[in-house]
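Report on the structure given below.
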Amino acid sequence: AVSTQCAEGVAAIATVRGAQPASVCREEGLLVAVTGNIYWKDRELAQRAADGNDAQAIVHAVRRDGERFLQQMMGSFALAVIDTVSAVTRLAIDPMGIERLCYAVRDGRLVFASSVQALRAHPAVQTRISQQAVFNYLYHHAVPAPLTIYDDVFKLEAGELLVFRRGNAERSRYWHQ
């Protein structure tokens, strides 16, 4: 079962970069938080977002389209969809990777945030510097996704969906160039 601590990750995404507030919606077993600038391909979803917020539109899209809900979205975004009934959490970022989400799996639980610094603030996330990441940074002047500077802390790649269930995280591309 999804614990009440699922809200911790949502709180971390909801406080992303002060300037762009996240929209949050909790409805009938779904908890959604999203930040960014979403442009909807579907008119009905665009109208729901205009009448309420993007999180409300995502709740409707998930119920209507299932895993394909991401195909209705364009623009820059980072989102979390937590299904408390089926105990499944989905994280995704936009196809261009403008927004970001970092995550770690600790003791069969998913911890996520909009930055590594926010993720490290969670008491379950103990970090140590990754030697591979240091090499990548010195050689490439960057630490490419999905790696971060820390061992066992990852970031989503552009157009990627993470599905977390029963203590396991599975990543896949929802958007193909």
Side-chain angles (χ1 to χ4, degrees), residues 1-105 109-115 118-119 145-146 154-177:
V2 175
S3 72
T4 56
Q5 294 178 347
C6 69
E8 292 173 2
V10 171
I13 196 175
T15 57
V16 172
R17 292 182 227 137
Q20 177 69 36
S23 61
V24 178
C25 179
R26 172 175 252 168
E27 184 178 301
E28 298 175 20
L30 284 181
L31 175 60
V32 173
V34 61
T35 188
N37 296 304
I38 298 175
Y39 302 97
W40 294 94
K41 295 178 184 178
D42 180 276
R43 286 186 183 192
E44 178 187 4
L45 296 174
Q47 189 60 51
R48 283 183 182 267
D51 292 344
N53 62 39
D54 285 322
Q56 292 170 344
I58 291 170
V59 166
H60 182 73
V62 167
R63 294 203 190 290
R64 187 186 75 184
D65 301 331
E67 291 277 332
R68 296 184 325 268
F69 78 96
L70 289 162
Q71 302 304 320
Q72 302 298 334
M73 301 168 64
M74 299 181 301
S76 63
F77 57 86
L79 63 84
V81 177
I82 301 170
D83 186 331
T84 59
V85 175
S86 66
V88 174
T89 299
R90 292 172 180 82
L91 306 177
I93 63 169
D94 60 271
M96 301 306 291
I98 296 168
E99 298 292 331
R100 66 178 180 263
L101 274 178
C102 301
Y103 71 94
V105 176
R109 293 178 25 202
L110 178 67
V111 182
F112 62 92
S114 60
S115 70
L119 193 69
F154 304 96
K155 55 189 169 190
L156 290 180
E157 296 182 65
E160 193 169 48
L161 167 69
L162 179 137
V163 177
F164 183 79
R165 64 171 57 93
R166 293 185 289 281
N168 296 309
E170 295 178 20
R171 295 171 27 189
S172 63
R173 297 235 183 255
Y174 71 86
W175 185 79
H176 304 281
Q177 297 179 10

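Numbers for residues simply follow the sequence, beginning at 1.
Put simply, CG on D94 and CD on E160 are 12.0 Å apart, with the number rounded to the nearest 0.5 Å. Put simply, CG on D83 and CD on E28 are 11.5 Å apart, with the number rounded to the nearest 0.5 Å. For the atom pair L162 CG and Y103 OH, the distance stands at 5.0 Å (nearest 0.5 Å). The distance from the CG atom of N53 to the SG atom of C25 is 6.5 Å, given to the nearest 0.5 Å. Put simply, CZ on R90 and CG on L79 are 10.5 Å apart, with the number rounded to the nearest 0.5 Å. Distance check: Q72 CD to D42 CG gives 5.0 Å after rounding to the nearest 0.5 Å.
The shortest non-hydrogen separation linking P146 to E157 is CD-OE2, 3.6 Å. Contact record, Y39 with G75: CD1-CA, 3.8 Å, taken as the closest heavy-atom pair. Heavy atoms only, all atoms of each residue included: A92 and Y174 are closest at CB-CE2, 4.2 Å. The two atoms that bring F77 and I38 nearest to each other are CB-CG1, 3.8 Å, heavy atoms only. Of all the heavy atoms in K41 and M73, the pair that sits closest is CE-O, 4.4 Å. Between A78 and L101, the shortest heavy-atom distance links the atoms CB-CG, 3.9 Å.
Although no hydrogens or angles enter the test, the distance criterion places a donor-acceptor pair under 3.5 Å between the side chain of S23 and the main chain of A55. Looking at T84, its side chain does come within 3.5 Å of a backbone N or O of G29 through a donor-acceptor pair. A donor-acceptor contact shorter than 3.5 Å links the side chain of R100 to the backbone of S114. Without hydrogens or angle criteria, R68 side chain to A61 main chain gives no donor-acceptor distance under 3.5 Å.
Counting heavy atoms from C-beta outward, L119 and V111 have side chains that approach closer than 4.5 Å. Under the 4.5 Å side-chain criterion, counting only non-hydrogen atoms from C-beta, F69 is in contact with V81. Contact of the V32 side chain with the V24 side chain is not registered, since no non-hydrogen atoms from C-beta on lie closer than 4.5 Å. No side-chain heavy atom of R109 sits under 4.5 Å from any side-chain heavy atom of V105. Within the 4.5 Å cutoff, side-chain heavy atoms of V163 are placed close to those of E67. Residues V34 and I58 form a side-chain contact, since some pair of their non-hydrogen atoms from C-beta on lies under 4.5 Å apart. By the 4.5 Å heavy-atom criterion applied to side chains, F164 and V88 are not counted as neighbours. Looking only at side-chain heavy atoms (C-beta outward), Q71 and D65 stay at 4.5 Å or farther from each other.
Taking a 6.0 Å sphere around CZ of R64, one finds it holds more than 12 heavy atoms contributed by other residues, nucleotides or ligands.
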Exercise. Passes side-chain contact (heavy atoms from CB on, under 4.5 Å), R171 versus L161? Steps please.
Worked result: CA-CA 6 Å; R171 295 171 27 189; L161 167 69; over 6 Å; no
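Annotation: salt bridge (Lys or Arg N to Asp or Glu O under 4.0 Å) contacts involving residues 45-57, sequence neighbours excluded, comprise E44-R48.
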